[in-house]
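We name chains A, B, ... by the order of the sequence lines, and we start the count at 1 in each one.
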Amino acid sequence: MSLRVRFAPSPTGYLHVGGARTALFNWLVARQAGGTFVLRIEDTDRDRSTKEMVDAILEGMEWLGLDWDEGPVFQGAGVDRHRAQALQLLGEGKAYRDFTTPEELARIREEDPDRAVRYPRERFRSLSEGEAEERAAGGEPHAIRFFMPTGETVLFRDRVHGRTSFRTDTIEDLVILRADGSPTYNLAVVSDDAEMEIDLVIRGDDHLSNTPKQVLLHQALGNKVPEFAHVPMILGADGKRLSKRHGATAVGDYADQGILSDAMVNFLALLGWSPGTDQEVMSREELIRAFSLDRVVKKSAVFDPEKLDWLNGQHLNRLSGKALADRVLALLEDDLADEARRRWSLEPEWMDYVLDLLKARARSIDEIALKLRPYVAQEIAYEPEAVKKHWMKRPEEAVGHLDALHERLAEGVEDWTEARLEEELRALAAERGVGAGRLIHPLRLALVGEAVSPGIFEVLVAMGPHRALARIAAGATWIRSRIDRES
RNA sequence: GCCCCCAUCGUCUAACGGCUAGGACUCCACUCUUUCAAGGUGGCGGUCGGGGUUCGAUUCCCCGUGGGGGCACCA
């Protein structure tokens with residue numbers, strides 16, 4: 001008998017981070033226990049769920065690598081069973097026919113909120129023997145409501161919150177079957193969880209106040225009541241519930257921003273849970289091993305994009321080889337990606353070499369792709385600020401240095417290695433009576449077009465003699481044209 | 001209004017009555033250095049308030065305050 005858990009999102013169009021984290025916790029628990037993870041789509045119409053919305057959720061789950069064992073099953077498929085169970089409760093006297101119109105009830109709620117809680121029941125009790133059945137047979141529209149026990153306290157043990165209790169007198173007789181014959185959410189959930197033999201319901205704590213209703217429904221239907229674990233919500237930086245105005249809230253947005261799904265999973269796991277050790281950067285396997293509902297905190301957490309970025313950088317640093325290369329190349333234009341592949345096939349170790357240089361300095365794959373361009377592009381643009389600082393402050397000198405570098409590197413360097421290049425450059429600087437930095441800065445600008453890059457000798461090696469020399473020449477030419485224009 | 005949940009640096013969190021309340025992100029400084037990162041070192045910064053219980057409360061209890069969630073013939 002293995003543990004069965006489920007994730008039951010309603011298809012609102014995309015998988016948001018809160019839902020994603022709930023899904024993750026379910027997945028972690030299932031994988032750790034060797035249990036079964038069921039995906040259920042809460043599509044009970046109303047919010048017209050389309051195939052696109054469902055697909056968006058499945059896509060988000062797949063991106064995160066949260067594979068499910070059963071489903072997706074659609075809640076809508078169970079309406080006949082839901083309806084039958086509502087009728088069953090009615091037959092057993094655990095529910096009643098309510099002819100109160102929504103308008104009337106709304107009016108009572110306005111006038112006397114306390115009375116409204118039991119108003120439908122009051123009306124039902126005022127009916128004479130058999131009257132309800134007669135009116136129902138006559139086709140009069142009515143809902144079916146569940147009888148809340150009187151004067152009782154529903155107590156359940158929540159895996160996160162511990163003992164939690166609600167007094168039934170504060171809960172109204174909930175509608176389980178609408179006038180149009182459709183089942184309501186709470187009944188559908190209870191029915192489905194029982195049908196799927198869910199042992200543990202892990203969901204957001206916005207469902208905490210639904211729980212006593214569901215516990216009671218389970219008991220009324222003779223079901224084994226599942227365990228519950230209500231995980232805290234994820235809030236925006238302003239402490240408000242995460243919404244569109246907080247920026248990216250869909251996991252897909254983060255995929256688009258160059259966030260690694262491993263980093264996202266790691267980050268989400270750390271939102272509301274901690275392993276109890278100082279370790280923060282964790283792989284999926286480590287998370288599965290370490291996860292425990294007992295260590296889930298009760299307090300809602302604020303989503304901090306900066307920490308996500310940092311974690312992404314950490315995962316990026318641990319990623320290497322083909323996996324990283326594929327992701328980076330996917331972000332480049334075709335011709336640049338082709339050039340990279342060409343170079344890669346010529347020198348198998350080249351790709352790892354460049355990516356190792358770039359990934360340590362990047363926090364997203366987009367950033368790596370951007371920084372890779374100078375190594376594969378035909379031409380590059382020069383960053384104005386860098387030009388001003390490293391070339392045009394002393395243009396004549398810069399040109400002189402670049403020319404000298406070109407000559408020296410073109411003729412003198414038979415083995416194009418970091419050590420050898422460094423030797424040559426430093427020797428040249430000494431000959432010209434300047435510090436190495438005076439050559440390095442203009443050179444860097446000529447090679448990559450900006451003032452920052454990995455170590456200059458590594459850049460030279462990564463670029464290769466042909467491309468590097470062409471860049472140096474192009475840089476010198478560019479500066480000359482500027483000097484001519486100004487004189 | 002009623003019900004429920006929650007409360008440690010700005011943020012994520014550790015400390016299941018007992019060392020100067022620990023770590024991480026962010027920020028700052030230093031270090032490494034040809035630049036930028038990464039790394040290393042250090043710094044700033046916190047137990048919401050008031051009462052209890054106790055030899056001793058971040059920790060247990062009560063009351064406030066604050067925040068969140070829910071109160072539908074939505075899910």
Side-chain angles (χ1 to χ4, degrees), chain A residues 8-12 42-47 49 75 98 100-102 105-106 109 113-114 116-117 120 141-145 158 160-161 164-167 169-172 174-186 188-189 204-212 230 232-233 235 237 239-241 267 270-281 294-295 297-311 313-314 317 357-363 371 386 390 422 425-426 429 435-441 443-445 448 450-457 459:
Chain A
S10 60
T12 50
E42 224 92 302
D43 65 338
T44 321
D45 276 330
R46 291 290 152 157
D47 52 73
S49 75
Q75 186 157 71
D98 172 29
T100 317
T101 63
L105 187 55
R109 270 200 266 264
D114 290 340
V117 178
H142 62 283
I144 293 179
R145 286 182 186 268
D158 188 281
V160 174
H161 292 271
T164 308
S165 62
F166 289 81
R167 292 198 320 277
D169 292 344
T170 63
I171 308 171
E172 67 172 32
L174 65 145
V175 170
I176 53 178
L177 202 66
R178 300 188 185 94
D180 66 2
S182 64
T184 58
Y185 170 76
N186 279 302
V189 166
D205 68 14
D206 49 337
H207 284 285
L208 208 44
S209 51
N210 279 326
T211 309
H230 287 95
M233 311 250 80
L235 310 176
K240 301 286 183 215
R241 194 177 191 150
F267 177 72
L270 256 21
L271 226 44
W273 172 82
S274 80
T277 65
D278 281 348
Q279 190 184 6
E280 299 220 87
V281 183
D294 300 335
R295 295 199 61 89
V297 299
K298 302 175 197 162
K299 184 181 54 166
S300 49
V302 173
F303 189 92
D304 179 9
E306 283 186 330
K307 189 151 182 175
L308 207 209
D309 286 341
W310 169 78
L311 249 187
Q314 294 295 315
N317 260 319
L357 298 180
L358 300 181
K359 74 185 186 189
R361 296 168 170 78
R363 286 199 159 185
K371 299 289 187 186
H390 296 301
E422 177 156 15
L425 184 141
R426 290 197 188 280
R438 292 291 273 275
L439 297 192
I440 288 171
H441 294 301
L443 174 59
R444 168 174 288 115
L445 181 49
V448 301
E450 46 186 324
V452 302
S453 80
I456 197 72
F457 307 110
V459 171

Legend entry - Contacts of A/V452 that satisfy side-chain contact (heavy atoms from CB on, under 4.5 Å) - sequence neighbours left out: A/K371, A/E450

Inset, instruction - Would you mind telling me which of B/C12, B/U26, B/U34 lies closest to the side-chain atoms of A/I440? - result: B/U34

Inset, instruction - Just compare B/G69, B/U35, B/C5 and give me whichever is closest to any side-chain atom of A/T164. - result: B/C5

Inset, instruction - Would you classify A/T211 as touching base, sugar-phosphate or nothing, given that sugar-phosphate means primed atoms plus P, OP1 and OP2, and contacts are heavy atoms under 4.0 Å? - result: nothing

Inset, instruction - Have a look at A/F303 and say if it touches a base, only the backbone sugar-phosphate, or nothing, with a 4.0 Å heavy-atom cut-off. - result: nothing

Inset, instruction - With heavy atoms under 4.0 Å as the rule, sort A/E450 into base, sugar-phosphate or nothing. - result: nothing

Legend entry - Selection from B/C6, B/U13, B/C3 that lies nearest to any side-chain heavy atom of A/T170: B/C3

Legend entry - Steps toward salt bridge (charged side-chain N to carboxylate O under 4.0 Å, His left out) verdict (A/D205, A/K298): CA-CA 9 Å; A/D205 68 14; A/K298 302 175 197 162; over 6 Å; no

Legend entry - Nearest to side-chain heavy atoms of A/V452, which nucleotide of B/U35, B/U26, B/C12: B/U35

Legend entry - Comparing A/R444 and A/T100 on RNA chain B - which has the more 5′ nearest nucleotide: A/R444

Inset, instruction - Let me know the distance between CZ of A/F457 and P of B/U34, rounded to the nearest Å. - result: 8 Å

Inset, instruction - Please tell me which of the listed nucleotides, B/U35, B/A75, B/U26, lies nearest to the side chain of A/Y185? - result: B/A75

Inset, instruction - For the pair A/F303 and A/F267, name the ring-plane relationship: parallel under 30°, tilted 30 to 60°, perpendicular over 60°. - result: perpendicular

Inset, instruction - Take atom CD of A/Q314 and atom P of B/G23, then tell me their distance rounded to the nearest Å. - result: 17 Å

Inset, instruction - Please report, rounded to the nearest Å, how far the C1' atom of B/A72 is from the CZ atom of A/R145. - result: 9 Å

Inset, instruction - Kindly indicate whether the side chain of A/R438 and the base of B/U34 share any N or O donor-acceptor pair separated by less than 3.5 Å? - result: no

Show the distances under 3.5 angstrom between N or O atoms of the protein and N or O atoms of nucleotides 65-68 of chain B.
unit_1: B/G68; atom_1: OP1; unit_2: A/K240; atom_2: NZ; d: 2.5

Legend entry - Donor-acceptor pair present, A/K307 side chain and B/A24 base, under 3.5 Å: yes

Inset, instruction - Remember a base hit wins even if backbone is also touched, and classify A/N210 as base, sugar-phosphate or nothing at under 4.0 Å, heavy atoms. - result: base

Inset, instruction - Please determine if A/E280 and A/K307 form a salt bridge, counting it only when a charged side-chain N lies under 4.0 Å from a carboxylate O. - result: yes

Legend entry - Watson-Crick or G-U wobble partner of B/U35, both distances under 3.5 Å: none

Inset, instruction - Could you check which nucleotide pairs with B/A14 in any of the strands shown, counting Watson-Crick or G-U wobble with both distances under 3.5 Å? - result: none

Inset, instruction - Provide the Watson-Crick or G-U wobble partner of B/C30, both distances under 3.5 Å; none if there is no partner. - result: B/G40

Inset, instruction - Counting heavy atoms from C-beta on, name the nucleotide in B/U35, B/U26, B/C6 closest to the side chain of A/R361. - result: B/U35

Inset, instruction - Using only side-chain N and O atoms of A/R295, determine if any of them is under 4.0 Å from OP1 or OP2 of B/C16. - result: no

Inset, instruction - In whole angstrom, give me the gap between the C1' atoms of B/C61 and B/U53. - result: 7 Å

Legend entry - Distance, rounded to the nearest Å, where A/D206 contributes CG and B/C4 contributes C1': 12 Å

Legend entry - Phosphate OP1/OP2 of B/C2: any A/R109 side-chain N/O under 4.0 Å: no

Inset, instruction - Ignoring backbone atoms, test whether A/H161 places a side-chain nitrogen or oxygen under 4.0 Å from the OP1 or OP2 oxygen of B/C6. - result: yes

Legend entry - Interatomic distance, A/K298 NZ vs B/C12 C1' [rounded to whole Å]: 18 Å

Legend entry - Partner of A/H230 under side-chain contact (heavy atoms from CB on, under 4.5 Å), chosen from A/N210, A/T164, A/T211: A/T211

Legend entry - Sugar-phosphate only, base, or nothing, as touched by A/P454 at under 4.0 Å among non-hydrogen atoms: base

Inset, instruction - Would you indicate, yes or no, if B/C3 has its OP1 or OP2 atom less than 4.0 angstrom from a side-chain nitrogen or oxygen of A/S209? - result: no

Inset, instruction - Identify whether the distance between the nearest side-chain nitrogen and carboxylate oxygen of A/R145 and A/D98 falls below 4.0 Å. - result: yes

Legend entry - salt bridge (charged side-chain N to carboxylate O under 4.0 Å, His left out) between A/E306 and A/R363, intermediate numbers included: CA-CA 10 Å; A/E306 283 186 330; A/R363 286 199 159 185; over 6 Å; no

Inset, instruction - Give the nucleotide from the list B/A24, B/A14, B/C3 with an atom nearest to the side chain of A/F166. - result: B/C3

Legend entry - Between P of B/C25 and CD of A/Q279, the distance in whole Å: 14 Å

Legend entry - Passing candidate, side-chain contact (heavy atoms from CB on, under 4.5 Å) with A/S453, options A/L445, A/L443, A/V459: A/V459

Legend entry - Complementary nucleotide for B/C71 - Watson-Crick or wobble, under 3.5 Å: B/G1

Inset, instruction - Could you check which nucleotide pairs with B/G66 in any of the strands shown, counting Watson-Crick or G-U wobble with both distances under 3.5 Å? - result: B/C6

Legend entry - Selection from B/U26, B/A75, B/U35 that lies nearest to any side-chain heavy atom of A/W310: B/U26

Legend entry - Nucleotide nearest A/I456 (side chain, heavy atoms from C-beta), chosen from B/U34, B/C73, B/C25: B/U34

Legend entry - OP1 or OP2 of B/U26 under 4.0 Å from side-chain N/O of A/R363: yes

Inset, instruction - Could you check A/A436 against A/E280 and say which one's nearest nucleotide on RNA chain B is further toward the 5' end? - result: A/E280

Inset, instruction - Tell me what A/P113 touches on the nucleic acid: a base, only sugar-phosphate, or nothing, going by heavy atoms under 4.0 Å. - result: nothing

Legend entry - Proximity to the side chain of A/V297 - top-ranked nucleotide from B/U8, B/A14, B/A38: B/A14

Inset, instruction - Would you classify A/G272 as touching base, sugar-phosphate or nothing, given that sugar-phosphate means primed atoms plus P, OP1 and OP2, and contacts are heavy atoms under 4.0 Å? - result: sugar-phosphate

